[in-house]
Amino acid sequence: MVSIHIRGLVKRFDEVVALNDLDLEIEAGELFFLLGPSGCGKTTLLRAIAGFHMPDAGTIKFNDDDVTQVPPHKRETAMMFQSYALWPHLNVFKNVAFGLEERKVPKAKIRERVDEALAMVKMEGLGQRKVNQLSGGQQQRVALARALVVRPRCLMLDEPLSNLDAKLRIEMRSEIRRICKEFGLTAIYVTHDQKEALSMADRLAILDGGNIAQIGTPEEVYRHPRTPLVAGFIGETNLIEGTVAFSSGDNVYVTTAIGELAGRPSDPDWQPEVDEKVVLSIRPECLSIEMSPPTQNAIAGKLSESVYLGEVAQYSLLADGHEEPIHISELNPRRVIRDADQALYASARPEDVILLPAP
Amino acid sequence: MSRKLAIAIYAGTALFFALFFVYPIWHTVQEAFVSNDGSFTFSYILEIFRNPIYVEGLKNSFYMGLFSTLLSLLIAFPLAMLANTWDFRGKELLNSLVLVPLILPPFVGALGVKQLLGQAGALNSFLIDLGLMSADAPDDWLGEGRLFGVVLMNALHLYPIAYLNISAALANVDPAMEEAAENLGCHGIRRLWKITLPLIMPGLFAGATIIFIWSFTELGVPLIFDFTRVTSVQIFDGIKDLSGNPFPYALVVVMLVATVLFYLLGKWLFGREIAASSGRATTGRALKKASPAMSALCVGAFLLVTGLAVLPHLGVILLSVSNQWYGTILPQEFTSQHYFDALGHPLTLNSIGNSLKYASLATLTNVILGIGIAYVVVRTKLPGRQFLDAMAMLPLAVPGLVLAFGYLAMTREGQPFDFLIIGENPLLILVIAYAVRRLPYVVRSAAAGFQQTSVTLEEAAQNLGCPPLKALRKVTLPLIAANLIAGGLLAFSFAMLEVSDSLILAEQQAHFPITKAIYALVTSLGTGPHLASALGVWAMVFLAVTITGAGVILGKKMGALFRV
């Protein structure tokens, strides 16, 4: 189990800069998520840590060891591949035992540890199965056992659940987290599924354009996104442009096309100045629907669409002066408003209206 | 296509196979077990194993097959590994050049090998000039029994089959499989041995099988080398007194059974099919950019192999323009006379015409059968269509010599198929013989075409009022034309170079194809070998043009044509 320290990492593929002077600290025993839109560099970063990409500049340290130039087979990481990469010419036992054989573990010990690892992923007794006789979920468990059994310094997971169906995916989420925590593993997990990241991560990093856009715990990143990109990528949000009018107490008042709205800066250290251009992020669940004008942060508009989902009702409100409809989620709706073109109001508490610097 | 038509095609092709694939084999096998008085006997077969000359022939054939295969793999494997790991300058070109030897007629090349490696050959002259060898006691590189020369020529001819198969297999390995091994601490040669090799084994085996069967039963090359103690040549020599002699039949049967046994043994040892795991590969194989030094190594390796492989044929070209070439590195005198003589010789012009006629008709037959079979296999749900598919691929696995012998036997006077010899003209049976052996290439390429072309395109045409057969002709056939042309060209080239059928079935000079004409010239005295070389060069120029066309059209998909 190691902590990982990355400084100034650069990786170019011909003209494309995949990693752009990236710094990152991952603590020992942490389940760390890399998240971002496709092409953001998350897989490149993971593969660089595993040693499959030689960086053009920068250093990677495991604890105090500089591993930047260490080839992958000597890094003692263990990777779970998106395609699982189980070897079809070896059975389940042999697949799992492979890394131990490479580490010259005695035969008897190998048997013991493989059985233990298979039990850990609830695959006991299936060692003699051929890989292609396994279901997708079972293959995924074998791949996990194969990675865990070598007791890696760091576990790497490259979209490990993307080939599973929805139900199994949710089951495996808690399973993987349980195992990582039981072993106290340092684990790096790449995904583009934000729910996976929010539900499993100790901390997560959002990557954009080869660099880290934001890093933090799931709550921090969800509740206090630092850029419009992060706000839009993690969860759903309404983004409204405006200019700062004045500040009063904790609240900053912003003039927008749909009226004056009061919010709070995402970063408590940032005091936006008057006339500065900002973007407001308001999550749909922070907005409530009102039939009569509310006293604060009132957004007036016409209902354009309503969708009933059982636990939630989703409304789209067309507000004057704003092209995109404003999305509103109402939890536990008693009555769904379906009258098209009905004049309505939405409002949010100032602490739920997040001020972000304009990009 | 209507079900009736599909059934008709199925029945027609099945009948064709029954008559011209199963029956000739059966006919041959039967002759080996019937004694003079018509009763069943095992004695001919037993006699083969009692006769030391036949046993030696079988042993030599086995060595010929085994060593040719091993040498081919040895040449092809490192090249395929380099090409699938590194990206280097000029790779596309080198990749196709390295395949060229496959269509250079090996038994013409054998002439060149003799000229280069013989006792009075170019290599010895070179070594003597350098003072590394005594002029009085030159080495004989080809060695006692000539096996070395034969194996060398076979390997230099057949390694492209191994190269294509190994490359295709390597390209199909999910790179994550190798990365996973690397990640768990397995590197370099160990990784190659424990992971890569087992994963590509089916592809490697498929290539090795074809090479083994091909060289185990090779007739042309040992004939030119005068290497008489192999079964194929013994069978060929046995035809001369065909009527009374049952041993060629018995030898053919032994050879056929041996082929099947070796195939099964190999399949059991190496070829067990590995089903890919269900996870899809997420990254394509990314080639590493070669450093200048690695680039030079790759280019060097490719040039070396290609150079070595075409060297015999360069020898042939030199031989064809030389007056005197004995005991010197290069010919002492050059002349273009042989080319004119070759074209003026009664044998040659005729044979070129004959070969063109036979090969074109055979190719036409192949394309028609190939489209029919591929359509039934890919586009219909007819029960037993996989059987048709497997049957169409079988000629790859049956020695050409066995079939040639069967055709000869079934068209002799008084046999049920003697009407296929019109007067003394073997045109029909040669066209059929050529077609059967090359059908697999055309079926494979046509099937690949059908698979790549969505059936909905045809359905869209039908939906707009086009009848099914017309839709096939107007929509699908134009789309798969490239595949058909490539497969057809390959079939055509191989038909032009066919040895076993040509040597055995064409008996009158007037009906000789090119290969038999070359063989006749080689064995004649005087300027015969020079004339043979000149004729060989004409043939090679011709083939180079066609196969380059096939390569350009088919590109990387060439590999699919050489799998059982």
Side-chain angles (χ1 to χ4, degrees), chain A residues 13-14 43-44 47 49-54 71-90 94-105 130-140 142-143 146-147 149-150 152 154-156 158-160 162-164, chain B residues 85-89 166 169-206 267-291 294:
Chain A
F13 296 108
D14 296 322
T43 298
T44 309
R47 292 170 62 82
I49 299 172
F52 291 121
H53 291 319
M54 221 22 103
H73 64 284
K74 292 190 176 146
R75 286 210 188 181
E76 295 179 45
T77 64
M79 178 121 129
M80 220 178 123
F81 291 83
Q82 187 177 6
S83 62
Y84 311 140
L86 297 178
W87 302 299
H89 63 295
L90 303 178
K94 289 261 169 86
N95 260 282
V96 179
F98 187 91
L100 296 175
E101 285 167 12
E102 287 304 316
R103 284 161 177 72
K104 309 264 188 300
V105 176
K130 285 197 174 161
V131 169
N132 53 8
Q133 294 171 326
L134 303 178
S135 68
Q138 286 175 320
Q139 291 189 20
Q140 203 260 357
V142 174
R146 184 177 73 182
V149 77
V150 296
C154 172
L155 178 66
M156 316 244 158
D158 183 8
E159 307 211 16
S162 64
N163 285 333
L164 298 184
Chain B
T85 311
W86 302 103
D87 195 15
F88 50 89
R89 212 176 240 280
I166 296 171
L170 279 173
N172 279 334
V173 172
D174 180 354
M177 295 272 177
E178 292 177 339
E179 285 174 359
E182 194 89 358
N183 182 243
L184 290 171
C186 185
H187 183 65
I189 295 287
R190 283 177 60 77
R191 191 190 77 185
L192 178 69
W193 183 250
K194 289 184 78 171
I195 302 296
T196 313
L197 214 51
L199 289 176
I200 63 167
M201 199 45 96
L204 199 117
F205 174 72
K267 186 99 184 153
W268 182 67
L269 284 177
F270 308 110
R272 269 170 279 191
E273 203 59 49
I274 302 168
S277 65
S278 60
R280 68 199 153 87
T282 42
T283 44
R285 175 168 290 261
L287 295 181
K288 288 185 265 186
K289 248 210 158 52
S291 65
M294 185 46 84

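Chain letters run A, B, ... following the sequence lines, proteins first and then strands; every chain starts at 1.
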If I measure from the heavy atoms of chain B, does A/R103 come under 4.5 Å with its side chain, its backbone, both, or neither? side chain

N/O donor-acceptor pair under 3.5 Å between A/H89 side chain and B/I200 backbone: no

Working to the nearest 0.5 Å, report the span between CD of B/E178 and CZ of A/F52. 10.5 Å

Taking the side chain as C-beta and beyond, is there a heavy-atom pair between A/F81 and B/D174 under 4.5 Å? no

Side-chain contact test, heavy atoms from C-beta onward, threshold under 4.5 Å: evaluate it for A/P71 versus B/E182 and give yes or no. no

With respect to A/H73, which candidate in B/H187, B/R191, B/E179 satisfies the side chain to side chain contact (heavy atoms under 4.5 Å, CB included) definition? B/H187

Does NZ in A/K94 sit with more than 12 non-hydrogen atoms of other residues, nucleotides or ligands closer than 6.0 Å? no

Can you tell which of A/E76, A/Q133, A/E102 has the highest number of heavy-atom pairs within less than 4.5 Å of chain B? A/E102

Which atoms of B/R190 approach chain A - backbone, side chain, both or neither, heavy atom under 4.5 Å: side chain

Heavy-atom pair of closest approach, residues B/L184 and A/A78: CD2-CB, 4.4 Å

